[in-house]
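No experiment lies behind these values; they were computed from the predicted model shown.
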Amino acid sequence: MDLARVKFEDKILTHYLPRNIFRFRNIGAPNPYLQAAIQARDGAVYLLYFDISEFPTSKPRVYVQQMLYTHSGQPMDSCSVQNHTLKSWNGWTQLCHYIFGDSDITLWKVYLMCRIWIEMYRAHLRTGKPIDYYLNHQHSSEDTVVCENPTLTNDIAPHNPL
């Protein structure tokens, strides 16, 4: 992502979020990312990692910077259409958040989709119903390939921020 796009995204995010909620990191390096916090309505707070190394030409991979677990205690570390997750990385749950192809996609829109996902996840923890019960799955060819054949993406991991 070039500096002009970072400034554009920063302006949008700053319009909607307090400055202390998000930070761009490693801009100008091979592994740029955005960190953003989300607080659910019930008070639970999650830190998200947006891999923006190929954004805006492809959707950013978004991870919760921890492994999440289902209502029944299973790690959310693989592709699940019912729970809208993709293959984990670095011990972090990857969210399935957006159909890419929308030419006016912004990180704010991705953040909003993740915020909705977090609220549905919190509802899942309370009720045991899958996230798909609350949020209709957005079908995309990219998600289908990842879900049907996860070995195709095992070698494609976001850049390690460390």
Kindly assign one of parallel, tilted or perpendicular to the pair Trp92 and Trp89, based on the angle between their ring planes and the thresholds 30° and 60°.
perpendicular
Above 12 or not: heavy atoms from other molecules or residues under 6.0 Å from CD of Gln39?
yes
Is there a donor-acceptor contact under 3.5 Å linking the side chains of Tyr46 and Arg122?
yes
Can you check whether Lys11's main-chain N or O pairs, donor with acceptor, with Thr14's side chain at less than 3.5 Å?
no
Do Gln35 and Gln65 come close enough that some side-chain heavy atom pair is under 4.5 Å?
yes
Just by modelled atom types, is the Met67 backbone N or O under 3.5 Å from a matching donor or acceptor in the Thr93 side chain?
no
Going by atom types alone, do Thr127 and Tyr134 pair a side-chain donor with an acceptor below 3.5 Å?
yes
Side chains of Leu95 and Val64, heavy atoms from C-beta outward: is any pair under 4.5 Å?
yes
Of Phe22, Tyr33, Phe24, which meets ring pair (Phe, Tyr, Trp, His ring centres under 6.0 Å) against Tyr49?
Tyr33
State, with a plain yes or no, whether a side-chain heavy atom of Asp10 is found less than 4.5 Å away from one of Leu107.
no
Main chain of Ile131, side chain of His124: is a donor-acceptor contact present, judged purely on distance under 3.5 Å?
no
Does Phe50 reach the side chain of Val110, with side-chain heavy atoms less than 4.5 Å apart?
yes
Go through the side-chain N and O atoms of Asp51 and Ser53 and say whether any donor and acceptor fall under 3.5 Å apart.
yes
Treating Ile, Leu, Val, Met, Phe, Trp and Tyr as nodes and any side-chain heavy-atom pair under 4.5 angstrom as an edge, say whether Tyr16 and Phe55 lie in one connected cluster.
yes
Donor-acceptor check, side chain of Asn26 to backbone of Ala29, threshold 3.5 angstrom: yes or no?
no
